[in-house]
Every structure is written in C-alpha cells, then in structure tokens.
Amino acid sequence: MYQEAINNYLQKQGFDEINLKAVLFDMDGVLFNSMPNHAEAWHKTMAKFGFTLSREEAYMHEGRTGAGTINIVSLRERGYEATEEEIKQIYQAKSELFNQYPLAERMPGALEVLIKIKEAGITPMVVTGSGQTSLLDRLNKNFPDIFKRELMVTAFDVKYGKPNPEPYLMALKKGGIQPNEAIVIENAPLGVQAGVAAGIFTIAVNTGPLPDDALLSQGANLLFHSMPDFNDNWKTLLEYLNKKNEGSHKKS
Ligand code: CA
C-alpha cells in the first residue's frame with residue numbers, strides 16, 4: 001500500500017524519489033485536539049445570527065477564512081453575501097465563544113511521533129493558518145525541543161492561506177528544500193488540497209467526523225485514522241519513504 005502510494009505520487013509530480021528531510025505538520029486537529037471547540041463555536045454562533053451551520057459542516061470549512069465560511073452559508077441561505085459589518089460581528093462572536101472554552105489538549109500520539117521523527121534526523125515544521133500570539137509558547141510547552149521558530153509558518157507569514165499552496169511553498173522556502181524532500185500531515189480537506197497543490201506527498205490523518213473520502217477526494221496520498229495510528233505506522237512508512245526507487249534511470 002505504501003509503495004503504491006509513493007509510486008503514484010512520484011509519477012504524478014515527476015520526481016524520481018522522495019528524499020525526506022522535513023515533515024510539515026498542520027496544527028489544529030493534528031497537534032492539538034482543538035477542532036471540536038472550533039466546530040461548536042461556529043455552530044452556536046451562526047445559529048445565533050439566524051444561520052444553519054452544522055458542526056460537521058464546520059469541519060469541511062476548516063482552514064478557510066472566517067469571511068469565506070460566513071459567505072458560503074449566507075449565499076446558500078439568503079442568496080447574497082454577508083456585509084463587512086455582519087462578517088465582523090459574527091467572526092468576533094465566534095472568537096469570543098471559542099476563547100471561553102478550555103485550551104485544547106495535545107493530540108494523543110503527536111509528541112511520540114515527533115520524537116521519532118527528530119531522532120531520525122528529519123526536521124519537524126509547523127504550518128498553520130492560526131495567528132495566535134501565544135502559539136510558539138504553547139508549542140514549546142507541549143512539544144519541548146521539537147520546533148524552531150524560524151521554521152514555522154503561521155497566519156503572519158502568508159497572504160492567501162490554505163487551500164492555496166502558499167503556506168506549504170513558504171515552508172519549503174524556509175526549510176531550503178524541494179517538494180520531494182518533505183511530507184505534509186493534514187486533517188482537513190482544504191489543508192490536503194494545499195499540500196497536494198504544493199507538490200508534496202500529503203498524508204491525511206482523519207481525526208474528525210468527516211468520511212475518509214472527504215480527504216482522499218482532495219488528493220491525499222495516504223490516510224491514517226488517528227495520530228496514534230500514524231505514530232504506530234511511522235517506522236514502516238519511513239522505511240518505504242527512504243527506499244530508493246529502483247525503477248528510475250537516474251544519471252549518476
Ligand atoms: Ca487542521
């Protein structure tokens with residue numbers, strides 16, 4: 001299964017092999033179990049403003065800007081986009097509600113796999129649309145000695161955000177690496193889209209309520225059902241990723 005996924009990736013992107021130097025981790029729903037709170041806050045806030053946005057639909061929009069999500073629902077239910085004032089009010093209410101919830105816990109399995117990745121001499125990086133100012137402190141507290149500030153991509157680094165490939169292209173640039181020298185770990189359909197569009201081998205970890213196909217249909221090269229599942233399979237996967245493609249005809 002791994003070999004087939006790798007071969008499909010190489011063929012599609014036109015590379016001879018994967019030469020793994022960095023693993024690019026999305027944050028919400030991958031490193032922290034923060035998505036249930038986001039989905040709850042979206043659902044309740046939209047209801048308060050007279051809109052219907054189920055918790056599950058909130059997972060489909062994960063990674064989209066607040067304005068983008070609000071406008072999709074507004075167009076669907078009213079036939080026209082929300083005004084700037086409405087967007088501001090709704091997004092502020094959603095943020096206030098979210099901030100009342102307790103801080104999300106570290107995702108089980110995340111620290112374990114990060115330690116293995118680092119021990120293998122591979123660089124873990126964070127690529128997130130989040131712009132919380134306390135982000136680095138939180139990451140360092142929950143994942144001590146794992147991430148370097150200069151190798152992080154946050155909301156402050158990008159203009160468009162996911163599903164645009166920009167955040168992952170920025171990570172490649174910061175790391176000084178090529179698309180076939182990294183893999184992406186994502187839990188959301190739009191995040192998978194971004195990783196694939198950046199030309200990087202993209203692994204979906206389905207940590208939420210969406211069907212697997214919501215992630216696979218966006219082009220995910222592999223799928224795991226949880227972070228502990230990814231952690232359990234990491235060693236075997238790494239062996240496959242490090243295998244040199246014997247079928248290729250590289251000039252030496
Ligand atoms: Ca995410």
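As the structure lists them, so they are numbered: ligands from 1, and atoms in each ligand from 1.
In terms of modelled atom types and a separation under 3.5 Å, the side chain of D137 and the main chain of K141 share no donor-acceptor contact.
Of the N and O atoms on the side chains of N7 and Q3, at least one donor lies less than 3.5 Å from an acceptor on the other residue. A donor atom on one side chain and an acceptor atom on the other are found under 3.5 Å apart for Y168 and E186.
As for D26, its N/O/S atom nearest the Ca ion (ligand 1) is the one called OD2. E62 contributes OE2 as its N, O or S atom closest to the Ca ion (ligand 1). The N, O or S atom of D28 lying closest to the Ca ion (ligand 1) is O.
Checked for salt-bridge contact, E62 and K162 miss the test: no charged N lies under 4.0 Å from a carboxylate O.
Taking 3.0 Å as the threshold, N187 counts as a candidate ligand of the Ca ion (ligand 1), since one of its N, O or S atoms lies below it.
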